[in-house]
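Accompanying notes for the structure given below.
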Amino acid sequence: MQVDLGIAGRKAIVCGASKGLGRAVATALAADGVDVLMAARGGEQLEATAKAIGVATGLAPRWVAADVTTEAGRATLLDACPEPDILINNAGGPPPGDFRKLTRDDWIKALDANMLSAIDLIQKTLGGMVERRFGRIVCITSHMVKSPASILSLSNGARAGLTGFVGGIARDVAQHNVTLNNVLPGQFDTDRLRGNQQAVAATRKVDLASVRADFAKQIPARRFGDPTEFGAICAFLCSAHAGFITGQNLLIDGGQFPGLM
């Protein structure tokens, strides 16, 4: 039996929603009766995804093609949904690279995409949530926030900055039934993960199946995460039942992180 999350009729913005984890979150929210506005760069993919979600859930999300890493894109998004009750911040990570070769422009682009754009959307929507005494903000970051890799310096820096910002703001607005949390996904079976695995297979000159097997062995659950699992967890954090969960960094990685905290 499906649990009623108590958010039917609420309005949600889901960024990066055309595929992968963003799509999974949009699907889970739509399944619970949320009026979802999906955003991503590619309109054609968004339209197809919205139709598929409509078939699966009976409630087709609205969508807008917008690059939320730009000021113009965020303005377009908020014009379409000026008073969201739920905000899902989600953006693809910056490219890997040796930090010795990174330029100031590289850092600014990473910060704009993976920290400042999310902060701007929070800044523009948080006040309304406080006034209405309901708000749920979830920022999708990465398990690398807790176990950073040197080759992902751009992601490490930008996402850690967002993590710190969310932790501070969350405590200021908790009394108004507004929560902010970060969700840190590990290895979920998305197009992005498979693309990375294909690149590794090409470098090693081995088949993709062997690379996937090696990756899965690193995870105590011995499998990759299913995006539907991720969507369900995010939907619960957006629910009426999650008002006492705020300022948290929820790691979802099948046990791969070896520490306690």
Side-chain angles (χ1 to χ4, degrees), residues 11-27 29-30 34-53 60-97 102-126 128 137-142 144-145 152-163 165-166 180 182-183 185 188 190-193 195-196 227 230-231 234:
K11 297 178 181 178
I13 289 175
V14 182
C15 300
S18 62
K19 56 186 177 180
L21 300 182
R23 173 176 178 160
V25 176
T27 302
L29 291 174
V34 176
D35 177 7
V36 176
L37 177 68
M38 301 167 53
R41 293 185 180 92
E44 186 175 340
Q45 178 67 56
L46 266 174
E47 183 176 17
T49 298
K51 288 180 179 178
I53 292 175
R62 297 178 295 130
W63 60 272
V64 58
D67 181 355
V68 298
T69 67
T70 68
E71 188 172 349
R74 294 190 295 275
T76 298
L77 180 59
L78 292 174
D79 282 345
C81 185
E83 294 185 339
D85 303 297
I86 296 166
L87 171 64
I88 308 296
N89 278 314
N90 177 39
L102 298 175
T103 66
R104 175 179 171 79
D105 285 345
D106 293 329
W107 280 105
I108 295 301
K109 288 178 182 177
L111 292 172
D112 275 339
N114 296 109
M115 184 177 79
L116 298 178
S117 60
I119 290 174
D120 187 50
L121 286 173
I122 293 170
Q123 184 181 41
K124 288 181 167 63
T125 59
L126 190 64
I137 297 175
V138 176
C139 296
I140 300 174
T141 62
S142 169
M144 289 297 178
V145 170
L152 297 174
S153 295
L154 293 174
S155 178
N156 299 339
R159 296 191 193 279
L162 178 60
T163 299
F165 170 82
V166 167
L180 296 91
N182 298 303
V183 180
F188 278 81
T190 61
D191 290 343
R192 181 178 176 85
L193 178 65
N196 291 341
F230 186 88
C234 284

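Excluded from the calculations below are hydrogen atoms, water molecules and symmetry mates; all remaining heavy atoms, backbone and side chain alike, are included. In what follows, residues are counted from 1 in the order of the sequence shown. Predicted model only: the values in this text are computed from it and were never measured.
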Would you find a donor on one side and an acceptor on the other, under 3.5 Å apart, between the side chain of N90 and the backbone of I140? no
Determine yes or no for a side-chain-to-main-chain donor-acceptor pair under 3.5 angstrom, with S155 supplying the side chain and L152 the backbone. no
Side chain to side chain contact (heavy atoms under 4.5 Å, CB included) involving A40 - partner list, sequence neighbours excluded: S18, L46
Mind checking whether [X] and [Y] have side chains closer than 4.5 Å, heavy atoms only?
X    : Y    : answer
L121 : C15  : yes
I122 : C139 : yes
V64  : R62  : no
N182 : V145 : no
L29  : M38  : no

Can you name the salt bridge (charged side-chain N to carboxylate O under 4.0 Å, His left out) partners of R192, sequence neighbours left out? none
Who are the side chain to side chain donor-acceptor pair (under 3.5 Å) partners of R23, not counting sequence neighbours? none
Without placing hydrogens or testing angles, list every side-chain donor-acceptor pair under 3.5 Å for residues 75-88, not counting sequence neighbours.
from, atom 1, to, atom 2, distance (Å)
T76, OG1, A72, O, 3.1
D85, OD1, R132, NE, 3.3
D85, OD2, K11, N, 2.9

Sequence-distant partners of F188, ring-ring contact (aromatic ring centres under 6.0 Å, His included), two or more places apart: F230
Between CD of E47 and OG1 of T49, what distance do you get to the nearest 0.5 Å? 10.0 Å
Quick check for you: to the nearest 0.5 Å, what is the distance between W63 atom CH2 and Q45 atom CD? 11.0 Å
Donor-acceptor list for residues 105-115 side chains, cut-off 3.5 Å, not counting sequence neighbours:
from, atom 1, to, atom 2, distance (Å)
D106, OD2, T103, N, 2.9
D106, OD2, T103, OG1, 3.2
N114, ND2, G92, O, 3.2

Please give me the minimum heavy-atom distance between L154 and P94, naming the atom from each residue. CB-CG, 3.6 Å
